[in-house]
Amino acid sequence: MKYFDHAAATPPYEDVVRTVAEVMAAHYGNPSSLHKLGEESGRLLIKAREVCAAALGVKPGEIIFTSGATESNNLAVKGAAMRYAGRGRHLITTQVEHPSVWECYVQLEKQGWEVTFLPVDKNGQISVQDALDAVRKDTVLLSVMHVNNETGCIQPVEELGRRLKKEHPRVIFHVDGVQGFGKVPLSLMDSGIDLYSLSAHKLRGPRGAGLLMVREGLSLVPLMSGGGQEDSLRPGTENIPAVVGMAKAIRLAKEGEQQRAGKLNALRKQLIQGLAAWPELIVHSGEAAAPHIVHFSYPGMKAEAFLHMLEEQGFLVSTKSACSSKKAEPSRVLLAMGAGKAEAESGVRISLAEEHAAGDIQELLAAIGKSVDRVRRLKGEN
Ligand code: PMP
């Protein structure tokens, strides 16, 4: 089987697997315990926080460990909205966010907040000016993802953050960085980002670990009550093996970012050029897209059926994003981009990794070609 679903989950680095297992076996002490074993775990936690902070270019005190980006996004959005509710009751996000952000805003809207959902253009991008124009006196928070998980579209978060902080410094800026980190450079220092979420398993790290960068001086209402761990923002005994594994994966992701992006971009270009051979496929990921995601629709074709045709030939891809692929509805992201229902129901996502080679892309293209031929035959076109 050839795996082309790296935007859904990545195979962890062998080194990460080894580290997680070693830490799990040897360092089971609770960092809150006062004895030697506890202290050892505590030291690992400090070190992991330093490594993550260095890779992100922030201070160790600004890193909160969580169970993954879903939790990070919930903590960011609900935690900030609740803490700063006194400033106003207006929030802004985009129509194309991941469900872990989108559903937070939908929930807050039901609780009486006013939410502006920014539209996107046909490539899936918001306009920076639209976002700034949407800010009102009572706006508390703005969330914009860095890279879209379905289409790979890159949002102009750096420009937006810089202008937001100049023109409306009180508005809190949250960025879901899950699909961008390690593939699309982003300076957290220079882009006015106050809250930034990551998930380890998208970066060759372990499942069940993530982080939220919370800019110094910003305060959040915790979503859970419990002990005082993670600055009382995320109580519960720390998952030391997963956190140490994540720190390693994040460091490796950052170190190899440029080289990885170059390699992935070449593969992506090859794949997009190859897809042009079949006019019935509509490729969505345009120029402003991340190097690891290629997304196309095949109107009139059920995405799931196409996925299984590829699977029969040994290639694993996604329909929409993994988190929403089991829902029968058309893609909210594609609809927001102006796609019709048939187009929005037939999205296929191919997501690449640095270890893929040009030959793998050729083989995948051949399998896509065979599947398209089969559909054409079924439709009686050939
Ligand atoms: N944001 C984006 C952009 C994602 O792609 C994902 C994972 N599909 C998440 C958030 C949530 O991450 P997790 O499922 O690891 O909590």
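Order of appearance sets the numbers: ligands from 1, and atoms from 1 within every ligand. What you are looking at is a predicted structure, and each value in this text was computed from that prediction instead of being measured.
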Got a salt bridge between [X] and [Y], using NZ or NE/NH1/NH2 to carboxylate O under 4.0 Å?
X    : Y    : answer
R374 : E312 : yes
E354 : K263 : no
K165 : D194 : yes
E39  : K36  : no

Q: Using heavy-atom distances, let me know which of Q179, R207, K202 sits nearest atom 5 (O) of ligand 1.
A: Q179

Counting from 1, what ligand 1 atoms have a heavy atom of [X] closer than 4.0 Å?
X    : result
D176 : 1 (N), 2 (C), 3 (C), 10 (C)
S199 : 12 (O), 13 (P), 15 (O), 16 (O)
S100 : 10 (C)
N149 : 3 (C), 5 (O)
H201 : 13 (P), 15 (O)
N73  : 10 (C)

Any idea which part of [X] is under 4.0 Å from ligand 1, heavy-atom wise: side chain, backbone, both or neither?
X   : answer
T70 : both
E71 : neither
A69 : both

Q) Does L335 share a hydrophobic cluster with I282, counting links as ILVMFWY side-chain heavy atoms below 4.5 Å and allowing steps through other members? A) no

Q. Is there a donor in the side chain of H292 and an acceptor in the side chain of S351, or the other way round, less than 3.5 Å apart?
A. no

Q: If you link ILVMFWY side chains whenever their heavy atoms are less than 4.5 Å apart, which other residues fall into the same cluster as Y28? By chain and number, please.
A: L37

